[in-house]
Amino acid sequence: MTNQGRQDRREGVIDENLRRVFDETVEEGIPDRFKDLLEQLKKQDEQQETSR
């Protein structure tokens, strides 16, 4: 196998692993704790807008 062939294979393996990790991360969803924080921020923004 040539150097270019090895490089192409190596890049293919890296691409495949990155896609797998990305897909697994997307499937995990957002943790409840993070959703709670987002909800708190949203309420704060609403309160600030109504007090203006």
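Predicted, not measured: the structure shown is a model, and the values here were computed from it.
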Point to revise | Which residues share a side chain to side chain contact (heavy atoms under 4.5 Å, CB included) with K43, sequence neighbours left out | key: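 Result, side chain to side chain contact (heavy atoms under 4.5 Å, CB included) vs K43: E39.
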Point to revise | Listed once per pair and sorted, the side-chain hydrogen bond (donor to acceptor under 3.5 Å, both in side chains) pairs that draw on residues 4-16, sequence neighbours left out | key: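 Counting only pairs at least two positions apart or across chains, the side-chain hydrogen bond (donor to acceptor under 3.5 Å, both in side chains) contacts touching residues 4-16 are N3-R6, Q4-D8, Q7-R10, Q7-E11.
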Sequence neighbours excluded and cut-off under 3.5 Å, please list the side-chain donor-acceptor pairs for residues 23-32, or say none.
from, atom 1, to, atom 2, distance (Å)
T25, OG1, V21, O, 2.8

Exercise for review: Check side-chain hydrogen bond (donor to acceptor under 3.5 Å, both in side chains) between R20 and all other residues, then give those that pass, not counting sequence neighbours.
Suggested key: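 So R20 forms a side-chain hydrogen bond (donor to acceptor under 3.5 Å, both in side chains) with N17.
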